[in-house]
Protein chains: 2
Amino acid sequence: MQQHTETEENYLKAIYHLSNVTISSVNTSSIATSMSTTSASVTDMLKKLADKELINYEKYKGVKITRKGEKVALNIIRKHRLWEVFLTKVLKFEWDEVHTMAEELEHVSSDELIKRLEAYLDFPKFDPHGDPIPDQTGKLEINDQMSLSSGDAGVKYTITGVGEHSSAFLKHLAKYGLKPGITVSIAEIMEFDKSMLVKVNKEKFHLSLEVSKNILVKKYGII
Amino acid sequence: MQQHTETEENYLKAIYHLSNVTISSVNTSSIATSMSTTSASVTDMLKKLADKELINYEKYKGVKITRKGEKVALNIIRKHRLWEVFLTKVLKFEWDEVHTMAEELEHVSSDELIKRLEAYLDFPKFDPHGDPIPDQTGKLEINDQMSLSSGDAGVKYTITGVGEHSSAFLKHLAKYGLKPGITVSIAEIMEFDKSMLVKVNKEKFHLSLEVSKNILVKKYGII
DNA sequence: TTTTATTTTTAGATTTGTCTAAAATAATAT
DNA sequence: ATATTATTTTAGACAAATCTAAAAATAAAA
Ligand SMILES: [Mn+2]
Ligand SMILES: [Mn+2]
Ligand SMILES: [Mn+2]
Ligand SMILES: [Mn+2]
């Protein structure tokens, strides 16, 4: 098994994630944005990743991740999410505190370590943000969740995840006590701006479309 | 709190360990040997560490670690040893398997993470190899152990640690089932080469001086 | 106290990942 | 179709950590 640098791993992860939001190939500038670096640096790295056959790269035509590259990316994501479960379930961190630590832990190389951690955590299928955890072969269960913004008034939903992972957004949700596992019922949907009034344990509050769009849910009672 | 690179941290740790075996100041070549690098590289790094006031460095006169540098080193060692406890106690790794993984984990930066890990492990005072774990302030309990080689025939001892941490040595001990916690009684000491015949649970075997010197023990019954 | 050997430092390259500025290409507008 | 704008790539430079080979300093031996 080939070894990759931490930087290469981070680029691959970013490209993998972008591939899931983009129909065609991933372009240089979107990678630059998501990595907080310049397009020039990205181009340099793309050549290196292409040499290692982790991506298919054609000058000026963007990038497609290869099966090989995808496997590497999924392994990093697997480690990231298992560590996030460990940090919340075992060390009792809040779900909005674990991402930064997992960004470091995901690069610890031992596959045996992660195998044992997975077993110790009793083979969790989803991380604290509702994202699926790939198994050793890279397969991941699809969490068939919907956005709260497409829910109906008068119906109860259980939060299963989020569509946006920024610390700012997670802390915003935490302020209302909103996190995976919590039950929310939609009291009213405003025609004008698609904002909604929701009820959580007797408390009522207002959610903008920007927020409700990024809260992922299932109908209450459906596991 | 200043940030240090992983490389700087590794150099500091090496210098700290060498300081405890050397009476005077630590010289360039011993650092090079212990870091598996060249003296030229070491000299470069020493300048950098001196700039950050982590060591006192005088050209051609070797190096003394400062209080500040010692604190950094002790924090890395603290993390290393706590992760080793986690790997053996929680994930059930053998004591001869954990060092390499701990070498990576020790650089994960969050101090809050290590504080919670320590609490979760119930504040262990020693790692799986019998080495003391520094507390948050850098203080460490002294394990007043002796070398098995200075023990007496007919006396029972409990293994508390090792004086040599190489994988080769640890695996050699593992072959005989020797590890911290195990009780050993010295059956006979050979005058000629100071090797010894020891008994562990009915089984008898021969230990060379080279081996017995690096097994650290306490008299059986004395906690 | 010279001479010789060892250790340490400097000088100059190399690799990895980054940057800015300029050139090349592609996409959009007129 | 040509001009304008946006995107991407190249060129050249830089910082970190490393290396080899040569020079300088110290230690040991004669
Ligand atoms: Mn995360
Ligand atoms: Mn997550
Ligand atoms: Mn160790
Ligand atoms: Mn240890």
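The chains referred to below are lettered A, B, ... by the order of the sequence lines, with proteins before strands, and numbering in each begins at 1. Since the structure is predicted, the reported quantities are computational estimates derived from the model, not experimental observations.
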Do S41(A) and T38(A) get their side chains close enough for a donor-acceptor pair, meaning under 3.5 Å?
yes
Under a 4.0 Å N-O cut-off, is there an ion pair linking D96(A) with K179(A)?
no
Within the structure shown, what part of the strands sits under 4.0 Å from K47(A) by heavy-atom distance: base, sugar-phosphate, or nothing?
sugar-phosphate
Quick one: sort the F86(B) and W83(B) rings into parallel, tilted or perpendicular, breaks at 30° and 60°.
perpendicular
Mind running a 4.0 Å heavy-atom check of residues 19-45 of chain B against DNA chain C and sending the residues that fall below it, in number order?
N27(B), T28(B), S29(B), S39(B), A40(B), T43(B)
Distance only, no hydrogens: is a donor on one side chain within 3.5 Å (strictly under) of an acceptor on the other, for S109(B) and E104(A)?
yes
Do other residues, nucleotides or ligands put more than 12 heavy atoms under 6.0 Å from K13(A) NZ?
yes
If you compare every side-chain N and O of Y57(B) against the phosphate oxygens of dT9(C) (OP1, OP2), does one of them come in below 4.0 Å?
yes
Is there a donor-acceptor contact under 3.5 Å linking the side chains of H99(B) and H129(B)?
no
Whole Å only: how far is the NZ atom of K59(A) from the P atom of dA23(C)?
17 Å
How about K68(A): does its NZ atom have over 12 heavy atoms from other parts shown lying under 6.0 Å from it?
yes
For atom CG of L46(A) and atom C1' of dT7(D), their distance in whole Å
13 Å
Whether R78(B) and E106(B) form a salt bridge (side-chain N of Lys/Arg under 4.0 Å from carboxylate O of Asp/Glu) is what I want to check.
no
When you check the side-chain N and O atoms of E53(A) and T66(A), is any donor under 3.5 Å from an acceptor?
no
Would you say K125(B) and N143(B) are linked by a side-chain donor-acceptor pair, where the criterion is simply a distance under 3.5 Å?
no
Side-chain ion pair, K64(B) and E58(B), N-O less than 4.0 Å:
no
Sorted by number, the residues of residues 101-110 of chain A with heavy-atom contact under 4.0 Å to DNA chain C:
none
Looking at Y60(A), does any N or O in its side chain come under 4.0 Å of the phosphate oxygens OP1/OP2 on dT10(D)?
no
Using whole Å, what does the distance between atom P of nucleotide dA16(D) and atom CG of L49(B) come to?
13 Å
Annotated structure of DNA chain C as dot-bracket, pair cut-off 3.5 Å, Watson-Crick or G-U only, | for inter-strand, is ||||||||||||||||||||||||||||||
Tell me whether the side-chain N/O atoms of K61(A) come closer than 4.0 Å to OP1 or OP2 in dT25(C).
no
